[in-house]
Amino acid sequence: MGFGKGCHLHLIDGSAFIFRAYHALPPLTRKSDGVPIGAVSGFCNMLHRYVEGNTGPDAPTHVAVIFDKGSHTFRNDMYDLYKANREAMPEDLRPQIPLTRRATEAFNVACKELEGYEADDIIATLSCQARAAGGRVTIISSDKDLMQLVGDGVEMLDAMKNLRIDRDGVFEKFGVYPDRVVDVQALAGDSVDNVPGAPGIGIKTAALLINEYGDLETLLDRAEEVKQPKRRQTLVENRAQIELSKRLVQLDCETPLDFTLDDLEVKAPEAEVLLGFLAEMEFRTLSKRISDSLGVEAPEIPEAPATAPDLPDAPEAPAIDPEAYECVADMAALEVWIARIRERGYVAVDTETTGLNEMTADLVGISLACEAGQACYIPLAHRAGDGEGLFSDDALAAGQLPLNAVLDALKPVLEDDAVLKIGQNMKYDAKIFARYGVQVAPIDDTMLISYAQHAGEHGHGMDALAERYLSHTPIPIKSLLGSGKSMITFDKVKIADAVKYAAEDADITLRLWQVMKPQLHLRKVTTVYETLERPLVPVLARMEMAGIKVDRNTLSRMSNAFSQTMARLEAEIHELAGETFNVGSPKQLGEILFDKMSLPGGKRGKTGAYGTGADVLEDLATEHELPRRILDWRQVSKLKSTYTDALQEHINPETGRVHTSYSIAGANTGRLASTDPNLQNIPVRTEEGRRIREAFVADSGKVLLSLDYSQIELRILAHIAGIEALKEAFRDGQDIHAATASEMFNVPMAEMTPDVRRQAKAINFGVIYGISGFGLARNLRIPRAEAQGFIDRYFERFPGIREYMDDTVAFAKEHGFVQTLFGRRINTPEINAKGPHAGFARRAAINAPIQGTAADVIRRAMIRMDDAIAHLPARMLLQVHDELLFEVDQGAEDAVIKVAREVMEGAADPAVKLAVPLVVDAGKGANWAEAH
DNA sequence: CCTGTCACG
DNA sequence: GACGTACGTGACAGGG
């Protein structure tokens, strides 16, 4: 039947259905394999209830479920911040999206989407077409953005409240009829979609204005006539922004569709298809209900043995047996594995390579597992050997599939949204695959699953996890590669040995996932894992692969200069000491200073050696010339060995750039750690050290941007501990250390001296670290009693601090962990210990929520940043705890700063409403020294 | 492999 | 009552 007069079209907002289903249900997983399935279940129930209810005169003749597709739409081209403050889709929802499409098809309902358009636009276009053809339309959604479509036979239905919305319903909501809804929305804006609107004008005022002037254009043209000065001003000043807002909320009725209304005719579901799908999802109740109403036999859904139990007990799994693993050596066997994976919907993956550096290591083999005890290894690049340890340079060992053929076959699975790829430290494998043209997604990571639950309790490496959660000791890599000088690379391992080791890794990863993933929700860290851990993997992978350009000549010139300085200082030191010795040896130095020269203050540490740290030498510098020379020598030596020399070794010969690696699960507080090389401790505090940063340069035609949070930890402390005076100072944009000093010492801000401010600054930091009189005294080099006096006064003036400290420690003692504002859990197993450990654990517990919350904030910013700057010629290169470094095309600096700053300053929203503003400072330059 | 030292936030 | 203490990291050199 063609669509025309007398026809009734139902348009269902698919995304709304999915999100409602997702949030309405607990995180259910499919019994047989643990795949997340809650949203699909809810979706099917809602769809079923909808179909059942379609009887009588209002029943539709045509129906479609409309989905969003892709996160980038034409609205982002108009306004790059459109929907920028949206929370990222929960990672356990993502793999369910394709399943909801299949569910719709299983119900024999048309399922439509269009790349680059929102569902709302498709709904608008279809509504217009249906209206033009003389038919009726019901839009099943409660989204107010769709209300502009109501009227002339188009109505909305809020399925949840079973409430029909017609022209009068729209008037109730917006104070205007549907044809003026966009005008009101343009003025009022929308915080959910990040439509700016006119500041200070809400729906009420907007409707008032529109009704008075007729429409938005007239209002804006005659804005000068508006009586209220505030409103007049905001209308005049924000005209462009209001007009942009209107374009953003205006739905597109001309969406290019590749189907017609006739294609949407209502069809009865085919029992076999629908029940088959429900059986596959293991929805027993719904399957029974539907087969009853269709009058057919319900299919038997076998009660699968739970391999992914919801209980913390280890699953019944076969013993780990490396002899049982399969070596995949022909394409037919590979195809069998691919079919298995597709059937399962998930697979544990592990790569073997020639080294630990993902940027230079070559792929040697891939292992897979999708059921405990069943794993395979696909050798790809093992070298032919003579059996005596000699290897051919180019000949491959027999019995291996061609690498390209294997990657071509695996790529569709590894990139399939509906197949979850599980790994241990997936960032490593994802980067390796990326270098071979495969973008692995979506992923789960057992290392991060462990980290979210057990940070502070134990390590998260595979060996430690296997030991603890599977009571199994994996084959040590050393047994294959050896160690030290005679160590070999994995491509020289015999294939038979490699199969056992590599397949075991995949098997163990899969088993760990089965045991640990369901425990995330028991420890209430599912959201932490889904929003702060898992989505960070692709972000960091991209940053690491981008790397940063480092100028070798600059470094090498500095190295030479440092060599000369060191030689000169060394000669002076030997002269002053009266003998030659190894200046770099603290042991020899201690003996010279305290035994031979009998300088005061020699204290032996627990190993019996004298301490010669910078603080000790600093105190001695008044006594003798030698300690100052040593300090100078050490500074130069450090800069040379750790930076100007070592950094050159890290320049990748192919890219000319330095590629660090971030460990996500390294620091207990949620901070990242940078290794190989560590780019989070490049000197900045001294003038000489800062010059190292001149070697970190922008590529030609580009500029480096540095954006850093100002005082983020103190701001978070002010919020968490609820310190009114601090909060106020931050809200007023005051110099926080000066403000603290003023409050503590009763000095007016105008009369503040640098020294008083410096002391207040030390106390502020001390508080964050779990202050002690001793520590503060040492830091400020003042008597301990005086330091304690400062602390007492601080607590007196800011009483919330003491309360926060006591509450935090009490919480830790009771629960064994502390938490950040975003729910990150940092375990404190030592908190109830006796002895010297106790103090450390206490201070760490006080510091962790503050440092950890700051770490969460910047993680959130980084995760959102990729999308936010996707349309700008910019990429994120480095993170240094409170700083993000970007490389951007010349000319785009200001645009990127604007967007990136907005993302960073708003990173806590909407999950946490901070009582203090987050402020981001920005700089730019040809190198890192200039940008910072 | 451990310890001391020092670079960063 | 004494003891030892600022929080979180990683890299390098020396020395067993």
Side-chain angles (χ1 to χ4, degrees), chain A residues 455-456 483-484 581-590 603-618 630-631 633-647 649-650 660-663 666-686 688-690 692-693 708-714 717 762-780 784 787 791 818 826 834-852 854-855 858 878-883 932:
Chain A
S483 65
F581 68 102
N582 186 345
V583 184
S585 164
K587 183 169 173 283
Q588 293 179 32
L589 174 65
K603 269 211 297 263
R604 292 181 191 271
K606 44 181 172 272
T607 55
Y610 289 113
T612 65
D615 49 347
V616 177
L617 298 185
E618 202 67 52
I630 301 280
L631 285 167
W633 182 90
R634 279 191 183 164
Q635 192 196 9
V636 178
S637 161
K638 178 81 180 179
L639 293 177
K640 178 168 152 59
S641 67
T642 309
Y643 300 104
T644 57
D645 288 352
L647 224 35
E649 305 296 308
H650 283 283
T660 184
S661 178
Y662 289 100
S663 55
N668 290 334
T669 52
R671 273 199 180 177
L672 301 179
S674 159
T675 66
D676 308 302
N678 181 354
L679 295 186
Q680 290 180 322
N681 73 344
I682 303 302
V684 71
R685 291 175 187 170
T686 67
E688 277 185 305
R690 198 155 45 234
I692 308 266
R693 293 188 174 220
D708 68 295
Y709 284 108
S710 160
Q711 307 289 0
I712 186 166
E713 292 194 356
L714 268 180
L717 173 73
I763 301 169
N764 275 332
F765 278 106
V767 168
I768 292 173
Y769 297 149
I771 200 157
S772 76
F774 182 90
L776 183 64
R778 202 175 61 169
N779 192 281
L780 284 176
R784 200 172 148 175
I791 293 169
V818 292
I826 298 116
K834 296 273 169 272
H837 297 311
F840 282 111
R842 198 189 100 87
R843 290 190 298 273
I846 290 168
N847 174 258
I850 302 166
Q851 188 180 116
I858 198 165
L878 300 179
Q879 187 250 42
V880 193
H881 309 308
D882 64 359
E883 171 189 7
H932 189 81

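All heavy atoms count here, side chains included; hydrogens, waters and symmetry mates do not.
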Looking at every strand, decide which applies to Ala762(A) at a 4.0 Å heavy-atom threshold: base, sugar-phosphate, or nothing.
base
Between Leu617(A) (CG) and dC6(B) (P), how many Å, whole number?
7 Å
Separation of dG14(C) P from Ile630(A) CD1 (nearest whole Å):
13 Å
I want to verify a distance call: between dC8(B), dG4(B), dG8(C), whose nearest atom is closest to the Gln851(A) side chain?
dG8(C)
Without swapping roles, check the side chain of Ser661(A) against the backbone of Asp676(A) for a donor-acceptor pair under 3.5 Å.
no
Rounded to whole Å, the CG-P distance (Asp645(A) to dA7(B)) equals 16 Å
Nucleotide of dC7(C), dA11(C), dC12(C) approaching Asp676(A) most closely (side-chain heavy atoms)
dA11(C)
For Arg843(A) and dC7(C), is the shortest distance between a side-chain N/O and OP1 or OP2 below 4.0 Å?
yes
For Asn779(A) and Leu672(A), take the nucleotide of DNA chain C holding the closest heavy atom to each; which residue's nucleotide lies nearer the 5' end?
Asn779(A)
Any base atoms under 4.0 Å from Tyr643(A), or only sugar-phosphate, or nothing? Heavy atoms, all strands.
sugar-phosphate
Testing dG10(C), dG9(B), dG4(C) for proximity to the side chain of Asn678(A), the answer is dG10(C)
Calculate the interatomic distance between His881(A) atom NE2 and dC7(C) atom P; express it in whole Å.
16 Å
Looking at dC3(C), which nucleotide sits across from it as a Watson-Crick or G-U wobble partner, both distances under 3.5 angstrom, or is there none?
none
Whole-Å distance between dC7(C) P and Gln680(A) CD?
19 Å
How is Glu713(A) classified with respect to the nucleic acid when contacts are heavy atoms under 4.0 Å: base, sugar-phosphate, or nothing?
nothing
According to a strict under-4.0 Å criterion, is Thr612(A) in side-chain N/O contact with OP1 or OP2 of dT5(B)?
yes
Could you please name the option among dA6(C), dT9(C), dA7(B) that lies closest to any side-chain atom of Ala667(A)?
dT9(C)
Looking at the side chain of Asn847(A), which of dG9(B), dG15(C), dG8(C) is the nearest nucleotide?
dG8(C)
Is there a side-chain contact between Arg634(A) and the phosphate of dA13(C), meaning an N or O under 4.0 Å from OP1 or OP2?
no
Answer yes or no: is there a donor N or O on one side and an acceptor on the other, between the side chain of Gln680(A) and the main chain of Gln879(A), under 3.5 Å?
yes
Ignoring the backbone of Lys638(A), work out which of dC8(B), dT9(C), dC6(B) is nearest its side chain.
dC6(B)
Given atom CD of Glu883(A) and atom P of dG9(B), what is their separation to the nearest angstrom?
8 Å
Counting distance only, does the side-chain N/O of Arg693(A) pair as donor-acceptor with the main-chain N or O of Ile682(A) below 3.5 Å?
yes
Compute both the distance and the angle, then confirm whether Arg843(A) meets the cation-pi test with Phe840(A): under 6.0 Å from the six-membered ring centre, within 45 degrees of the axis.
yes
Answer yes or no: is there a donor N or O on one side and an acceptor on the other, between the side chain of Asn668(A) and the main chain of Ala455(A), under 3.5 Å?
no
Name the nucleic acid region contacted by Gln588(A), choosing base, sugar-phosphate or nothing; use a 4.0 angstrom heavy-atom cut-off, strictly under.
sugar-phosphate
With heavy atoms under 4.0 Å as the rule, sort Leu776(A) into base, sugar-phosphate or nothing.
base
For Arg842(A), which contact category applies under a 4.0 Å heavy-atom criterion: base, sugar-phosphate, or nothing?
nothing
Are any of Arg778(A)'s side-chain N or O atoms less than 4.0 Å away from OP1 or OP2 of dT5(C)?
no
Expressed as a whole number of Å, how far does the P atom of dG4(B) sit from that of dT5(C)?
11 Å
Any side-chain to backbone donor/acceptor pair from Thr660(A) onto Pro677(A)? Under 3.5 Å, distance only.
yes
Just to confirm, is there a sub-4.0 Å distance from OP1 or OP2 of dG15(C) to any side-chain nitrogen or oxygen of Ser585(A)?
yes
Please report, rounded to the nearest Å, how far the C1' atom of dC3(C) is from the CZ atom of Phe840(A).
12 Å
When we call it a touch if two heavy atoms are under 4.0 Å apart, what does Gly611(A) touch: a base, just sugar-phosphate, or nothing?
sugar-phosphate
Give one of base, sugar-phosphate or nothing for Gly770(A), where a contact means two heavy atoms less than 4.0 Å apart.
nothing
Look at Asn582(A) and dG14(C) and indicate whether a side-chain polar atom (N or O) is within less than 4.0 Å of OP1 or OP2.
yes
Is Gly584(A) touching bases, backbone alone, or none of the nucleic acid, heavy atoms closer than 4.0 Å?
sugar-phosphate
Taking atom CG of Leu647(A) and atom OG of Ser641(A), what is their separation to the nearest 0.5 Å?
11.5 Å
Rounded off to whole Å, could you give me the NZ-to-P distance for the Lys587(A) and dT5(B) pair?
14 Å
Write down the partner of dT3(B) under the Watson-Crick or G-U wobble criteria, each distance required to be under 3.5 Å.
dA13(C)
Backbone N or O of Trp633(A) within a donor-acceptor pair of the Ser637(A) side chain at under 3.5 Å?
no
Under 4.0 Å between a side-chain N/O of Arg671(A) and OP1 or OP2 of dG9(B), yes or no?
no
Could you check whether Ala646(A) gets within reach of a base, just the sugar-phosphate, or nothing at all, counting any heavy atom under 4.0 Å?
sugar-phosphate
What nucleic acid atoms does Ala855(A) come within less than 4.0 Å of, heavy atoms only: base, sugar-phosphate, or nothing?
nothing
Pairwise P distance, dT5(B) and dA6(C) [rounded to whole Å]
13 Å
